[in-house]
Every structure is written in C-alpha cells, then in structure tokens.
Amino acid sequence: MRAMAVGIAVVSVVAAATLTPARPRAAMVTVPPIPKAGPLAQPRPTHQVGVPAVATRAAIPPDNPQTPEKIALGQKLFFDGRLSADGSVACSTCHDPARAFTDGRPTSAGIGGRAGQRNAPTILNALYNATQFWDGRATTLEEQAALPIVNPVEMGQPSLDAAVARIAAIAEYREAFQKVFGGPPNGGDLLRAIASYERTQVSFDSPFDRFMAGDPKAIDDAARRGWELFNTRARCNKCHALTEQTRDTTYFTDNDFHNIGIGIIRHNVVALARQAEQAITSGDTSQIDRAAIQTDMSALGRFLITKRERDIAAFKTPGLRNVLVTGPYFHDGSQETLWDVMDHYNKGDGVQNPYLDEDIQPLALTEDDIDAVVAFLASLTSRDYEAQGIKELARQRELSRTHRPQRDTARAFGPKPQQPKPPRP
C-alpha cells in the first residue's frame with residue numbers, strides 16, 4: 001500500500017475502515033521441530049558481571065516466589081508441545097534458547113504453519129520489562145504466558161482450561177503441581193510456573209559489562225567509540241536509556257513506545273486506526289492479542305491498547321543485550337542486519353509519517369561511525385552466546401558489504417524533512 005495520504009477525506013477513511021476489514025495473514029510456513037532443553041535452557045546464575053542485584057530481587061512478585069521445584073516445572077512446560085492444540089508448538093518454538101530465546105524468523109510461526117505478524121522478542125532479561133509484547137498489552141510474565149496459548153495463530157488452544165486439561169491428564173504433571181502448588185493443575189498455577197522459569201533467564205556478563213567493571217581490554221577501540229556515539233551523535237540514548245541525561249549501562253531501554261517509521265509505507269495506518277476504534281474493545285487483552293498477531297492492525301502497535309492518536313504505529317523500545325544474536329530486527333523482523341538498523345536511523349526515515357517520533361532525524365553518520373556503533377552493540381553479547389555472536393557478526397558484516405537496502409546517504413546528510421500533520425479525525 002502507499003503511505004498514508006494526508007489529504008484524504010475523513011469520509012473516505014471511515015468508509016475504507018468499515019468496508020475493508022483488516023485481512024488475516026494468509027501465509028503458511030514450515031514449523032521447525034520443538035527445540036530441546038539443552039544447556040542454554042538452564043536457569044542462569046545471578047552472580048554475573050553487570051547483573052542489577054536489587055532490581056533482580058524486586059522483579060520477583062510476592063505472590064509468585066521462586067522455588068527450584070516451581071522453576072523446574074515451568075521449564076518442563078516451556079518445552080512441552082502438549083500445551084498447543086495439535087502438539088506441534090511449544091513456548092520454545094518461538095523462544096529457542098539456542099537462538100538466545102528467539103526463533104530467527106522475521107515473524108513467528110504457530111500451529112499448522114500459520115504465520116503471525118510480529119517478531120518474537122527474546123525472553124532473556126524479560127523479568128526487567130515494564131511491559132510485555134511489542135505493544136505492551138501485558139504487564140507481567142504471567143499475563144504474557146497466557147496469550148500465545150489461546151491465540152489461534154500461535155498455540156491454538158480454544159481456552160486456557162483446554163490446555164490445562166491436556167496437562168492434567170499426565171500423571172507426572174499432576175504429581176508436580178501437587179508438590180509445587182499443593183493442588184491439581186490449574187490455569188493460574190500453570191502460568192506462574194512458566195513465568196518463574198522465564199525469570200531465571202538473566203543474561204549479562206558481556207564484554208561491555210566487563211569493561212564497565214574495570215577491564216579496559218574487554219572491548220576494542222571501535223566499541224568504545226561506538227559507546228560514545230551511542231550517547232551523542234547517533235542519538236541511540238534518546239530511546240535506549242532510562243533517561244537522556246544519565247548513561248544507561250544496564251537496561252538500554254526507556255520502557256516507552258515510539259513510532260520509528262517501520263511499517264508506515266506498507267500499511268495505511270489511518271484507515272487501520274479508524275477500524276480499530278470501531279472493532280477493538282479497549283482493555284480486552286485477548287481481542288487485542290488476536291488483532292496484533294492475526295491482522296494488519298498489527299501495524300498500529302500501542303494504539304491498539306490506548307486508542308491515542310500519538311500511539312499510532314508506536315512500538316516498545318526493546319533492550320539491546322544480545323541484540324547481535326536476536327535478529328532479524330524491529331517488531332516485524334523487517335531488517336536483517338544491525339547495519340540495516342543503523343541505516344534506517346541514519347537517514348531519519350519519516351517519509352509521509354505524521355506520527356514519527358520527534359527524536360527521529362537524519363544523523364549524518366559515516367560508515368566508520370556506523371561500524372563503531374555496531375561494534376558497541378556486538379559487545380553487549382553475553383558470554384553464553386559469545387561464539388555464536390562472533391559468527392553472526394561476521395555474517396552480518398559480509399552481507400552489509402553488498403546488501404544495504406536501507407542505505408540513503410543523501411537523506412542521512414540532509415536536513416530533517418518536514419512531516420505532514422496527522423489527518424483530522
């Protein structure tokens with residue numbers, strides 16, 4: 001689709017929204033076998049260089065304390081395809097420990113090879129997230145764990161109770177739930193167990209952490225220069241820091257939502273927003289979840305939850321730890337390499353995007369600058385994924401030499417384009 005036409009008549013927009021429903025994604029893909037719980041799936045120690053001890057303790061909710069038995073039960077459930085309607089998909093299908101708890105796909109695949117519309121974010125360090133999912137439609141990991149189970153495109157169960165019934169039919173699970181929770185399997189405890197396991201996936205101990213801890217040789221000159229650029233001319237800290245005034249060496253996110261220009265060209269978000277206002281009930285998380293995964297309304301991002309115009313096509317700022325090994329990038333997985341990501345930001349995007357975040361502007365970064373920022377981002381790879389990161393960096397660097405679809409040097413070194421104003425409602 002063309003980018004939104006600013007001068008479009010309101011009558012035409014509403015008519016389009018009424019007559020043309022957001023179409024479900026029809027594509028079908030091959031679903032890989034359910035990953036096994038290998039060494040990288042095990043709960044991780046909290047005594048890693050860089051771990052925020054106080055915040056880690058605070059991330060454990062009082063009504064769901066961690067116990068070894070509960071974590072073990074949650075890990076077993078995380079890798080069990082019997083939580084899905086046809087037995088072919090588990091939590092680990094989209095969150096494979098060998099891929100830093102992502103699936104390596106632009107968008108994830110569910111039962112029957114049904115393709116969704118969102119890229120699977122990593123579970124690593126998700127315990128620190130202020131909200132879950134790209135649009136923040138869940139607050140806790142317990143809430144997050146429930147939605148994929150009952151989404152028709154993901155695990156496909158008609159209800160959480162149906163998933164519990166499958167689990168309750170297995171003697172081993174009945175015994176485990178009795179031991180951990182003192183009763184038979186039920187939906188709330190199933191989600192508590194999965195969330196408890198996910199909270200063990202704390203991933204720090206990167207070269208950057210060791211550098212910040214006092215080892216000057218932990219990162220090279222390029223990464224050090226990239227860290228400076230990250231906080232200055234590259235403007236990454238505008239979103240990837242808790243505040244712009246203080247350098248963030250822990251989370252690399254502002255826990256906010258921003259329109260950075262992704263998906264605007266492919267979707268008429270004005271028409272989609274009008275349709276969402278009519279079709280989506282605010283506060284109905286299940287309805288929002290289905291729209292986000294199954295329809296083109298996915299492109300609306302945070303707007304699906306808030307219905308605020310400024311949130312149209314705004315998505316959560318992800319943390320950057322292990323970003324090298326968790327591509328492809330952005331909410332729709334549309335960018336293959338970190339060089340593509342940097343090119344996107346460098347040119348300032350913003351073509352016909354009245355909702356573009358005010359901090360997005362041309363950066364005038366040179367190739368050496370971009371290489372340095374990528375070197376810094378690579379230094380955020382945890383020790384567990386060090387070997388994988390070395391291979392992935394080499395792959396991305398080689399690809400970037402011949403394939404740079406987002407590169408636009410003229411725009412990167414030009415003035416910030418004047419953005420159109422949002423259409424009147």
Problem set entry | Minimum-distance pair of heavy atoms, taken over all atoms of Ala412 and Pro362 | O-CB, 3.5 Å

For this session: Classify the side-chain pair Thr366/Asp369 by whether it contains a donor and acceptor separated by less than 3.5 Å.
Result: yes

Exercise. Once you round to the nearest 0.5 Å, how far does CZ of Phe78 lie from OH of Tyr197?
Worked result: 5.5 Å

Seminar exercise, completed: One should read off an interatomic distance between Leu242 CG and Thr250 OG1, to the nearest 0.5 angstrom, of 8.0 Å

Exercise. To the nearest 0.5 Å, how far apart are NE2 in His331 and CZ in Phe257?
Worked result: 13.0 Å

Problem set entry | Any donor-acceptor pair under 3.5 Å from Asp248 side chain to Tyr251 backbone | yes

Exercise. Rounded to the nearest 0.5 Å, how far apart are CG of Leu304 and CD1 of Ile288?
Worked result: 6.5 Å

For this session: Say whether, by atom type as modelled, one donor and one acceptor occur between the side chain of Asp256 and the main chain of Cys239 under 3.5 angstrom.
Result: no

For this session: Check whether any side-chain heavy atom of Arg302 sits under 4.5 Å from a side-chain heavy atom of Ile305, and report yes or no.
Result: yes

For this session: Evaluate the side-chain contact (heavy atoms from CB on, under 4.5 Å) criterion for residues Ile370 and Glu367: first the C-alpha distance (whole Å), next the side-chain angles of each, then the deciding distance (0.1 Å), finally the verdict.
Result: CA-CA 5 Å; Ile370 290 174; Glu367 284 299 300; 4.1 Å; yes

Exercise. From Asn231 CG over to Thr246 OG1, what is the distance, rounded to the nearest 0.5 angstrom?
Worked result: 10.5 Å

For this session: Mind running salt bridge (charged side-chain N to carboxylate O under 4.0 Å, His left out) on Glu244 and Arg235 for me, showing each step along the way?
Result: CA-CA 9 Å; Glu244 294 179 28; Arg235 299 171 64 88; over 6 Å; no

For this session: Determine whether more than 12 heavy atoms belonging to other residues, nucleotides or ligands lie under 6.0 Å from atom NZ of Lys36.
Result: no

Exercise. Is the side chain of Asp311 donor-acceptor paired with the backbone N or O of Gly301 at a distance under 3.5 Å, no angle test?
Worked result: no

For this session: Could you tell me whether the side chain of Gln201 and the main chain of Ala126 form a donor-acceptor pair under 3.5 Å?
Result: no

Problem set entry | Passing candidate, salt bridge (Lys or Arg N to Asp or Glu O under 4.0 Å) with Asp343, options Arg404, Arg411, Arg407 | Arg404

Seminar exercise, completed: Scanning both residues in full, the closest heavy-atom pair of Pro62 with Pro65 reads O-CD, 3.6 Å

Exercise. Hey, are the side chains of Gln144 and Asn129 touching, using non-hydrogen atoms and a 4.5 Å cut-off?
Worked result: no

Problem set entry | Donor-acceptor contact present, side-chain Thr317 to main-chain His240, <3.5 Å | no

For this session: Take Leu324 and Leu338, measure what side-chain contact (heavy atoms from CB on, under 4.5 Å) needs, and give me the verdict at the end.
Result: CA-CA 7 Å; Leu324 176 62; Leu338 290 173; 4.0 Å; yes

For this session: Answer yes or no: is there a side-chain heavy-atom contact under 4.5 Å between Thr56 and Tyr128?
Result: yes

Problem set entry | Within-4.5 Å side-chain heavy-atom neighbours: Phe101 and Ser203 | no

For this session: Take Val341 and Phe330 through the side-chain contact (heavy atoms from CB on, under 4.5 Å) test and state the conclusion after the steps.
Result: CA-CA 8 Å; Val341 171; Phe330 297 140; 3.8 Å; yes

For this session: Identify the heavy atoms of Asp220 and Ala223 that sit nearest to each other, and give their distance.
Result: OD1-N, 2.9 Å

Exercise. Less than 4.0 Å between a side-chain N and a carboxylate O, is that true for Glu398 and Arg395?
Worked result: no

Exercise. Distance-only, no hydrogens or angles: does the Arg224 side chain make a donor-acceptor pair with backbone N or O of Ile219 under 3.5 Å?
Worked result: yes

Problem set entry | Worked check of salt bridge (charged side-chain N to carboxylate O under 4.0 Å, His left out) between Glu142 and Arg199 | CA-CA 10 Å; Glu142 287 81 358; Arg199 290 191 177 100; 2.8 Å; yes

Exercise. Does Phe303 reach the side chain of Glu277, with side-chain heavy atoms less than 4.5 Å apart?
Worked result: yes

For this session: Compute the centroid of each ring, for Trp227 and then for Phe208, and state whether the two points are separated by less than 6.0 Å.
Result: yes

Problem set entry | Sidechain N-carboxylate O distance under 4.0 Å for Asp96, Arg105 | no

Seminar exercise, completed: Closest non-hydrogen contact found for Pro121 with Trp134 is CD-NE1, 4.0 Å

Problem set entry | Glu228 bridged to Arg225 by N-O distance under 4.0 Å | no

For this session: Go through the side-chain N and O atoms of Ser298 and Arg118 and say whether any donor and acceptor fall under 3.5 Å apart.
Result: yes

Problem set entry | pair Glu154-Leu147: side-chain heavy atoms closer than 4.5 Å | no

Seminar exercise, completed: The reported gap from CG in Leu83 to CD1 in Ile149 (rounded to nearest 0.5 angstrom) is 5.0 Å

Exercise. Would Asp161 and Ser159 satisfy side chain to side chain donor-acceptor pair (under 3.5 Å), going step by step from the backbone distance to the final call?
Worked result: CA-CA 5 Å; Asp161 287 342; Ser159 67; 5.0 Å; no

Problem set entry | Student check: side-chain heavy atoms of Ser206 and Arg321 closer than 4.5 Å | yes

Exercise. Would Thr337 and Tyr329 count as a side chain to side chain donor-acceptor pair (under 3.5 Å) if you check the C-alpha gap in whole Å, the side-chain angles of each, and the deciding distance to 0.1 Å?
Worked result: CA-CA 7 Å; Thr337 73; Tyr329 305 107; over 6 Å; no

Exercise. Counting only N and O atoms by type, is there a donor-acceptor contact under 3.5 Å from the side chain of Asp340 to the main-chain atoms of Gln406?
Worked result: no

Exercise. Ignoring hydrogens and geometry, is there a side-chain-to-backbone donor-acceptor pair from Arg210 to Val49 under 3.5 Å?
Worked result: no

For this session: Among Thr102, Asn322, Val325, find the residue that satisfies the side chain to side chain contact (heavy atoms under 4.5 Å, CB included) test when tested with Leu124.
Result: Asn322

For this session: Heavy atoms only: give me the nearest Ala100-Thr326 pair and the separation to one decimal.
Result: CB-CG2, 3.7 Å

Problem set entry | Evaluation steps, side chain to side chain donor-acceptor pair (under 3.5 Å), between Glu392 and Gln396 | CA-CA 6 Å; Glu392 178 62 12; Gln396 290 194 21; 2.8 Å; yes

Exercise. Can any side-chain N or O of Asn119 pair as donor or acceptor with the backbone N or O of Pro106 at less than 3.5 Å?
Worked result: yes

Problem set entry | Closest approach of His344 to Lys347 (non-hydrogen atoms, all atoms of both residues) | O-CG, 3.4 Å

Exercise. Passes side-chain contact (heavy atoms from CB on, under 4.5 Å), Asp296 versus Gln117? Steps please.
Worked result: CA-CA 8 Å; Asp296 282 348; Gln117 301 240 38; 3.4 Å; yes

Exercise. So, do Ile360 and His258 sit near enough that their side-chain heavy atoms are less than 4.5 Å apart?
Worked result: no

Exercise. Would you find a donor on one side and an acceptor on the other, under 3.5 Å apart, between the side chain of Gln48 and the backbone of Phe204?
Worked result: yes

Exercise. Would Arg44 and Asp384 pass as an ion pair if we require N to O under 4.0 Å?
Worked result: yes

